[in-house]
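All of these numbers come straight from a predicted model, not from anything done at the bench.
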Amino acid sequence: MANELTVAVLGPGGVGGLLAALLSRTGHRVICLSGEKTAQALRTDGIRVRSARFGDVTARVEADTELREPVDACLVTVKHTALDTALARVPAPVLSDGLLVPFLNGVEHPAALRARYRPGRVAPAVIRVESTRVAPGVIEHGSPFAEIDLTGTDVPRARLDALAGAFAEAGPATRVLEDETAALWAKMSFLAPFALLTTRYGLPLGEVRTRHREELTALVEETAAISSACGGPADPARALARYDTFPPATKSSMQRDAEAGRPLELDAIGGALLRAAERHGIPAPVTARVVSEVGAFA
């Protein structure tokens, strides 16, 4: 095993709970940060994961409502809609030299986090996975993959490599990428069309990519153009081909939030996309219409 790390997980939901369980199983110390009800459930029962990829896992973790000691890294796995409230659980003086690793959708959060924490310790990460919390401490990992890209402008490479090694040993395929902007926009370019259209029509990806193929293609092309203008990758054909490899029943997290009546990350995804388009003068009429339509019933 790599050197044992102490890792805090802010928001042990679908993504955070999965990573917490996998890291704990491989011998790392994990402290989950949440509300008292969830914290009590985790102290009593640990985290239980059902996963065809990683097997069924029951892992013991520590749990608290606030970070009270330094850690090697704090994974931020809450939704954007809960971010401001959740960050109160991670006082900057306590985190100190620890890495802050946001697994957040969108592209605007690194700047906000660097204004609040040590800029050279904010290490944005991207995860490709379908994982859902079905009850406090109970996680269903539904996708046949879990892939992490870890990056961070000005973060010491040795710190990134150590954390990436821990992730990889725990299970997810993990890479350290040099270009933070490219990493975040690669995720945004894939996520935005998927999240917006599955939510707009209330359909899983399989039906969206067949019944609404033309609209999906247009949205992918607009997003690619915006990404390119912002310094990110632009390969709409590759994005469409990747959608076609996903299980037909795949749902986006935004769609699941809509079905459950929870607040949507519409501003962090669709809003951020439109703001970037406006800054760079990129026409995005399909994106603007779909964002407006999702917002009308959000």
Side-chain angles (χ1 to χ4, degrees), residues 2-11 15-16 19-20 23 28-31 33 67 69-80 83-84 86-128 147-170 172-191 226-234 265 268-269 272-273 275-276 279-280:
N3 291 335
E4 179 182 329
L5 300 179
T6 298
V7 179
V9 177
L10 177 62
V15 169
L19 295 178
L23 288 168
H28 299 283
R29 182 185 174 208
V30 177
I31 306 168
L33 305 174
L67 185 66
E69 62 180 279
V71 293
D72 294 297
C74 177
L75 315 184
V76 180
T77 55
V78 297
K79 296 290 182 68
H80 260 285
L83 181 60
D84 287 342
L87 288 176
R89 303 188 190 279
V90 185
V94 178
L95 181 61
S96 184
D97 191 54
L99 298 185
L100 189 79
V101 187
F103 286 88
L104 294 169
N105 292 325
V107 294
E108 298 176 334
H109 56 276
L113 293 174
R114 288 186 173 115
R116 184 166 183 159
Y117 298 91
R118 289 187 61 178
R121 296 297 181 268
V122 175
V126 167
I127 187 166
R128 290 173 288 276
E147 303 165 352
I148 293 173
D149 290 338
L150 185 61
T151 184
T153 303
D154 298 329
V155 177
R157 180 59 186 251
R159 299 286 299 273
L160 295 176
D161 287 342
L163 183 58
F167 284 143
E169 187 177 27
T174 305
R175 307 180 296 177
V176 176
L177 301 182
E178 296 287 345
D179 191 333
E180 177 181 309
T181 297
L184 293 174
W185 273 101
K187 171 70 178 291
M188 181 72 141
S189 297
F190 178 82
L191 173 66
I226 298 165
S227 173
S228 179
C230 292
E265 292 186 299
I269 298 173
L273 195 58
R275 286 188 288 273
R279 282 196 305 272
H280 293 279

| message | Among residues at least two apart in sequence or on other chains, which ones pass side-chain hydrogen bond (donor to acceptor under 3.5 Å, both in side chains) with S96? | response | none
| query | How far apart are the C-alpha atoms of E69 and I31, what are their side-chain angles, what is the distance that settles it, and do they pass the side chain to side chain contact (heavy atoms under 4.5 Å, CB included) test? | reply | CA-CA 10 Å; E69 62 180 279; I31 306 168; 4.2 Å; yes
| message | Do H109 and V122 have side chains that approach each other closer than 4.5 Å (heavy atoms only, starting at C-beta)? | response | no
| message | Show, in sequence, the C-alpha distance, side-chain angles and deciding distance for I226 and H280, and conclude whether the side chain to side chain contact (heavy atoms under 4.5 Å, CB included) test is met. | response | CA-CA 8 Å; I226 298 165; H280 293 279; 5.9 Å; no
| message | Within the 4.5 Å heavy-atom criterion, are P124 and R114 side-chain neighbours or not? | response | yes
| query | Picking from V7, L150, L113, what satisfies side chain to side chain contact (heavy atoms under 4.5 Å, CB included) with V101? | reply | L150
| Basic-acidic side-chain contact under 4.0 Å: K187, E147 | no
| query | Should V9 and L19 be marked as a side chain to side chain contact (heavy atoms under 4.5 Å, CB included) after you check the CA-CA gap, both sets of side-chain angles, and the distance that decides it? | reply | CA-CA 8 Å; V9 177; L19 295 178; 5.7 Å; no
| Do L100 and R121 pass the side chain to side chain contact (heavy atoms under 4.5 Å, CB included) test, and can you show the C-alpha distance, the side-chain angles, and the key distance before you say yes or no? | CA-CA 6 Å; L100 189 79; R121 296 297 181 268; 5.9 Å; no
| Pick from L99, L23, L10, I127: which one makes a side chain to side chain contact (heavy atoms under 4.5 Å, CB included) with L75? | L23
| field | Basic-acidic side-chain contact under 4.0 Å: D72, R29 | value | no
| request: For R159 and G98, work out which heavy atoms get closest and say how close. | output: NH2-CA, 3.8 Å
| query | Can you tell me if S227 uses its side chain to pair, donor with acceptor, with the backbone of A234 under 3.5 Å? | reply | no
| Nearest heavy atoms of R116 and A88, plus distance in Å | NH2-N, 3.8 Å
